[in-house]
Number of protein chains: 2
Amino acid sequence: MAQNWHQVDVDRNLAALERAAGLEDLQAVIVDLCEAYRINHMVYHWVNSQGDQYGCGTYSPAWVARYIEKEYLRVDPVILGCNQRFHPVDWKRLDWSSKAARLFRSEAIEYGVGNQGFSIPMRGPNGQYALFTASHSCSDDEWQVFKNQHRRPLILLAHFFNQKALEFEPERVPEASRTLSPREVDAMTFLAMGYNRAKAADTMEISEHTLRVYIESARFKLGAVNTTHAVARAMSRGLIVV
Amino acid sequence: MAQNWHQVDVDRNLAALERAAGLEDLQAVIVDLCEAYRINHMVYHWVNSQGDQYGCGTYSPAWVARYIEKEYLRVDPVILGCNQRFHPVDWKRLDWSSKAARLFRSEAIEYGVGNQGFSIPMRGPNGQYALFTASHSCSDDEWQVFKNQHRRPLILLAHFFNQKALEFEPERVPEASRTLSPREVDAMTFLAMGYNRAKAADTMEISEHTLRVYIESARFKLGAVNTTHAVARAMSRGLIVV
DNA sequence: AAACAACTCCCCAGAAATAGCGAGGCCGCT
DNA sequence: AGCGGCCTCGCTATTTCTGGGGAGTTGTTT
């Protein structure tokens, strides 16, 4: 069977990660981690649905630039595959059947990305989505041993990388808003579920007029200009669970 | 300082968890975990976007029944607080200021829930959301020691519980609606920002008629009955970020 | 006791969203 | 070369929502 991989002091890595105070620190940590784990690449990659992305890692700047320029975000089977999964995934198990995907892969390898890869999706509030990836060039057997040995600490690393990334995001400051009253919460919830006012009022066993008062007052408290806006704000502030 | 908590064989727990083949196994694992960690309660709690919920854990059936019957999902500060967070959270740091929340808390304690708690939010594809919680009755100092000692393995446990739950209940994950097209994402985003159709169309530099087509097609893809519903679903599935 | 927040009900006119029909051009994939 | 997805534009009628008013009860907090 294949080699045994280097033993890694997981606690030390995690402690360094938790001390990090900015993206540069994360970059330093990730370089250290690569050396500690004796693999070619590690990458933390934040993706949002608007197509913005950033992160840190050891891929060559040329590859990163090309990835962004070519909008490989929309092609990369790692991104697309992890989008519908929770569990970490080996690159081999993704769907490489399309022509675009195979082209992407061979190009990635040209730019120094490993032939093996293991990616862990992480998701935060409001649809935040990020990947933590370990990549290396080696045989399938060797890679299998690596995964077995390090899968769990890698999950923890992914978790803490994402935690740090969220901390560093300025716009994620929890904006304090007056809490909604219970009936207002109900009203927002039913509207978010697609009920129209008649049905929501019926469900809440109040008149539609009364319901409107709740919607209006919730809208006012949330600083929203219309019902849809109010529901969106209530959701993104975590005031309702839908 | 407080006692030192029992040493736990993390790898053995995780291995048992990974062998689990059904919800009953998860229940058995969680009972074992409680004993191993010497705490009163552990709970895995899946919260569905429709307000359905299920899970496993050691809370008394009476409390679980009451929780569901009273729809405490919409009151529970743990659920609401974790909704906006990524990192694990101590119950003390949540918002207990509302009257409903304080009532909920005292009732929970009556039903045997611990005065201390530590909850780890987990998120899967399409807005799946679950909590893994450890709860105990003890002093703040003791709980602090427990958290410091076991935080990381608890995160791993949360991860694997959620992984298993997703394996067992694939039909509960909201179906992967075909992803919205870029223009549909734009439309949903502007509506979530409170723009009316005229302003959204203006911002997107298209006619209002065209905008309506996007709204309609997004609504169809999302299985939503109206615009507000569509925006809410797009948000809870992480298709738009506002 | 007074103030305040929450809950309930009511009217009306104008603005906005929805449901139902169209149309054509562009692009990528098979 | 055809299929499907996406982007763009149009019409009409009906339903629903919004933004102004107002008023009374309960309960908690100061």
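In what follows, every chain begins at residue 1, and chains take the letters A, B, ... in the order their sequences are listed. Just so you know, these numbers use all the heavy atoms, side chains as well, and skip hydrogens, waters and symmetry mates. Please read all numbers here as calculations on a predicted model, not as lab measurements.
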Whole angstrom value for the distance that separates C1' of dT8(C) from CD of E184(A): 13 Å

N/O (side chain, K199(A)) to phosphate O (OP1/OP2, dT15(D)) under 4.0 Å: no

Any S181(A) side-chain N or O less than 4.0 Å from OP1/OP2 of dA6(C): no

Minimum-distance nucleotide to I206(B) side chain [options: dC9(D), dC7(D), dC7(C)]: dC9(D)

Interatomic distance, M204(B) CE vs dC6(D) C1' [rounded to whole Å]: 12 Å

Rounded distance (Å) that lies between atom C1' of dC17(D) and atom NE2 of H209(A): 13 Å

Audit row: H45(A), Y67(A), ring-ring contact (aromatic ring centres under 6.0 Å, His included) steps and yes/no: CA-CA 12 Å; H45(A) 186 188; Y67(A) 192 100; 5.7 Å; yes

Sugar-phosphate only, base, or nothing, as touched by T210(B) at under 4.0 Å among non-hydrogen atoms: base

Aromatic contact, F132(A) with Y44(A) (centres under 6.0 Å): no

NZ or CZ of K70(A) within 45° of Y72(A) ring axis and under 6.0 Å: no

Spacing of W91(A) atom CH2 and Q116(A) atom CD [to the nearest 0.5 Å]: 9.5 Å

N/O (side chain, Y214(B)) to phosphate O (OP1/OP2, dC6(D)) under 4.0 Å: no

Whole-Å gap separating C1' (dT29(D)) and CZ (R102(B)): 12 Å

Identify the pairs formed between an N or O of the protein and an N or O of nucleotides 15-22 of chain C at a distance under 3.5 Å, and give each distance.
{"residue": "dA17(C)", "atom": "OP2", "partner": "R197(B)", "partner atom": "NE", "Å": "3.2"}
{"residue": "dT18(C)", "atom": "OP1", "partner": "T227(B)", "partner atom": "N", "Å": "3.0"}
{"residue": "dT18(C)", "atom": "OP1", "partner": "T227(B)", "partner atom": "OG1", "Å": "2.9"}
{"residue": "dT18(C)", "atom": "OP2", "partner": "T227(B)", "partner atom": "OG1", "Å": "2.5"}
{"residue": "dA19(C)", "atom": "OP2", "partner": "R219(B)", "partner atom": "NH1", "Å": "3.0"}
{"residue": "dA19(C)", "atom": "OP2", "partner": "R219(B)", "partner atom": "NH2", "Å": "2.4"}
{"residue": "dA19(C)", "atom": "N6", "partner": "R212(B)", "partner atom": "NH2", "Å": "2.6"}
{"residue": "dG20(C)", "atom": "O6", "partner": "R212(B)", "partner atom": "NH2", "Å": "3.1"}

Between C1' of dT8(D) and CG of D186(B), the distance in whole Å: 15 Å

Distance, rounded to the nearest Å, where F220(A) contributes CZ and dA5(C) contributes C1': 14 Å

Distance (rounded to the nearest 0.5 Å) between N40(A) CG and S137(A) OG: 5.0 Å

Sidechain N-carboxylate O distance under 4.0 Å for R183(A), D186(A): yes

Candidate pair H159(B) and F86(A), rule ring-ring contact (aromatic ring centres under 6.0 Å, His included), full reasoning: CA-CA 9 Å; H159(B) 182 95; F86(A) 173 77; 4.7 Å; yes

